[in-house]
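I have placed the structure first, in the form of structure tokens, so that the comments after it can refer back to it.
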Protein chains: 2
Amino acid sequence: MSTVPELSSLTPRAAEIVSAARVLLEEEGRDALTVRALADRLGIRAPSLYKHFSDKAAVEAALMERGLAETGAALHAALDAARHATPPEEPIGAVLRAYRRIGLAHPNLYRLTTSGPLPRQRLAPGLEEWAGTPFFLAAGEPYLAQALWSFAHGMVILELDGRYPEGSDLDRTWAEGAHAFTARRPRGGVERPSAEAQA
Amino acid sequence: MSTVPELSSLTPRAAEIVSAARVLLEEEGRDALTVRALADRLGIRAPSLYKHFSDKAAVEAALMERGLAETGAALHAALDAARHATPPEEPIGAVLRAYRRIGLAHPNLYRLTTSGPLPRQRLAPGLEEWAGTPFFLAAGEPYLAQALWSFAHGMVILELDGRYPEGSDLDRTWAEGAHAFTARRPRGGVERPSAEAQA
DNA sequence: CCTCCATAGCTAACTTTGTTAGCCAGACTC
DNA sequence: GAGTCTGGCTAACAAAGTTAGCTATGGAGG
């Protein structure tokens, strides 16, 4: 139930712009997210956008914040749901399923958020790490957690990019990976995170 | 020792261009791979390149072919080496190590080759699949193979993009993943591929 | 009430990028 | 020797991000 770190504050108009950018990105793809196209959607001219954002990368950074926040929220929620189910569900499988679901639900936002270097100076501090902690909570230790995250990201991005051979049974591939990692999970897993475990 | 599928044939001049493009890409990054910069390196003007390639994407496709061919060759070689070592080495670990090595050796070519949709019409037929078969040969079955590949790609791309927290012990994370997948490998693995196993 | 100034729009214009059109010199063929 | 193919060239365009500088509106302070 951990709460989202506070996102970078935006003026109301800037928030509208980010929302429009998100719709544009998701509906028409990353290449279509152009300054002029975004301005068009808002009924203004391209240079006016620079009254609200220093450059295009700043808009993208705001979108990445949204992506990270939503991903983190979905993963934390999935973990909590698994924990409180009766009987408690396997947390690794729960996190993996949630991760895939959110990636496929917003493919272009996912790609934007997870491809290429992150502009960390422009992101709310702590956000990136908070979004990733569910992997740690599910895996019980940091090395397995990173391996699990890498597997999940690889699966999602390769699926989004159409890299798997046609007709692949990806449900089964996910299950295979989940099984491999679950078998290595340390006995008992991890309770609610202690402060230093998060750091 | 399976041989590389025949790559798309290039005129000598076109091959020179691709080589120059590769150096430019690797030395200065993807954004620096511009038509004019490439022409500069060759001592000609930008429009002259269009006498050799229909568009920039065609040059990139040729680079992707190289990337796939080299990756495939390295993985097949690593697998053969593991097989013929005394005693024979664990094939999953061998393929993973080779995959990481080649990704880190040519980060920009790796990113170009593995990010975004593949222009399959422009690639030599069979090449993509041939580059991936070592994962199948090491895993012994297709689902584990895809999971293994996804893990490997996720690890490499996240490392290249600087996504892991500073100071992460990635050697250990790789080992953790290798161990998880090795434990699930079917008894005995797979001999040299039979024809239908490749298809 | 009037002045001032911050806000948020505008037009014009510049740079960089991929790309096309069309010209020309040299080399090889018949 | 005439013609054609090859591989360069210049000029130019459209789309992209961005900057400079103008202007209208609307609230704050005197």
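Quick note on labels: first sequence line is chain A, next is B, and so on, each numbered from 1. It should be emphasised that the depicted structure is a prediction, and the values quoted were computed from it without experimental measurement.
- When the side-chain contact (heavy atoms from CB on, under 4.5 Å) test is applied to A:Thr11, the partners found at least two apart in sequence or on another chain are A:Arg13, A:Ala14.
- A ring pair (Phe, Tyr, Trp, His ring centres under 6.0 Å) check over residues 30-61 of chain B, counting only residues at least two apart or in different chains, returns nothing.
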Going 5' to 3' along nucleotides 17-27 of chain C, which nucleotides have protein heavy atoms under 4.0 Å from the base (write B), which only from the sugar-phosphate (write S), and which from neither (write -)? BBBBB------
Walk me through whether B:Ser150 and A:Arg163 qualify under side-chain hydrogen bond (donor to acceptor under 3.5 Å, both in side chains). CA-CA 10 Å; B:Ser150 304; A:Arg163 291 285 179 137; over 6 Å; no
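- For residues 42-54 of chain B, no residue pair satisfies the salt bridge (Lys or Arg N to Asp or Glu O under 4.0 Å) rule, not counting sequence neighbours.
- Within the structure, every pair that satisfies the ring pair (Phe, Tyr, Trp, His ring centres under 6.0 Å) test and touches residues 86-123 of chain B, not counting sequence neighbours, is listed here: B:Tyr99-B:Tyr110, B:Tyr99-B:Phe135, B:Tyr110-B:His153.
- Distances shorter than 4.0 Å separate some side-chain N or O of A:Ser48 from OP1 or OP2 on C:dC10.
- Residues B:Val156 and A:Tyr143 do not share a hydrophobic cluster, defined by chaining ILVMFWY side chains whose heavy atoms lie under 4.5 Å apart.
- Listed by residue number, there are no residues of residues 107-116 of chain B with a heavy-atom contact under 4.0 Å to DNA chain C.
- Every ring-ring contact (aromatic ring centres under 6.0 Å, His included) that B:Tyr164 has, sequence neighbours left out, goes to A:Trp149.
- Judged purely by atom type and a 3.5 angstrom limit, A:His179 has no side-chain atom pairing as donor or acceptor with the backbone of A:Ala175.
- In this view, B:Glu90 and B:Ile92, B:Thr182, B:Arg185 satisfy the side-chain contact (heavy atoms from CB on, under 4.5 Å) rule, not counting sequence neighbours.
- Between the CZ atom of A:Arg45 and the P atom of C:dA12 there is a distance of 10 Å, rounded to whole Å.
- Legend: salt bridge (Lys or Arg N to Asp or Glu O under 4.0 Å) pairs involving residues 144-159 of chain B, not counting sequence neighbours, sorted by first then second residue: B:Arg100-B:Glu159.
- Summarising the geometry, the separation between NE2 on A:His52 and C1' on C:dA6 is reported as 13 Å, rounded to the nearest angstrom.
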Please table the atom pairs, donor to acceptor, closer than 3.5 Å between any side-chain atom in residues 35-42 of chain B and protein atoms at least two apart or in another chain.
unit_1: B:Arg41; atom_1: NH1; unit_2: B:Glu27; atom_2: OE1; d: 3.3
unit_1: B:Arg41; atom_1: NH2; unit_2: B:Glu27; atom_2: OE1; d: 2.9
unit_1: B:Arg41; atom_1: NH2; unit_2: B:Glu28; atom_2: OE2; d: 2.8

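- Listed by residue number, the members of residues 8-22 of chain B with any heavy atom below 4.0 angstrom from DNA chain C form an empty set.
- Using a 4.5 Å heavy-atom threshold, the side chains of B:Pro91 and B:Arg83 count as separate.
- Of all heavy-atom pairs spanning B:Gln146 and A:Ser168, the tightest one is NE2-OG, 3.0 Å.
- In 5' to 3' order, the nucleotides of DNA chain D bounding all contacts with chain B (an atom under 4.0 Å from a heavy atom) are D:dG7 to D:dA12.
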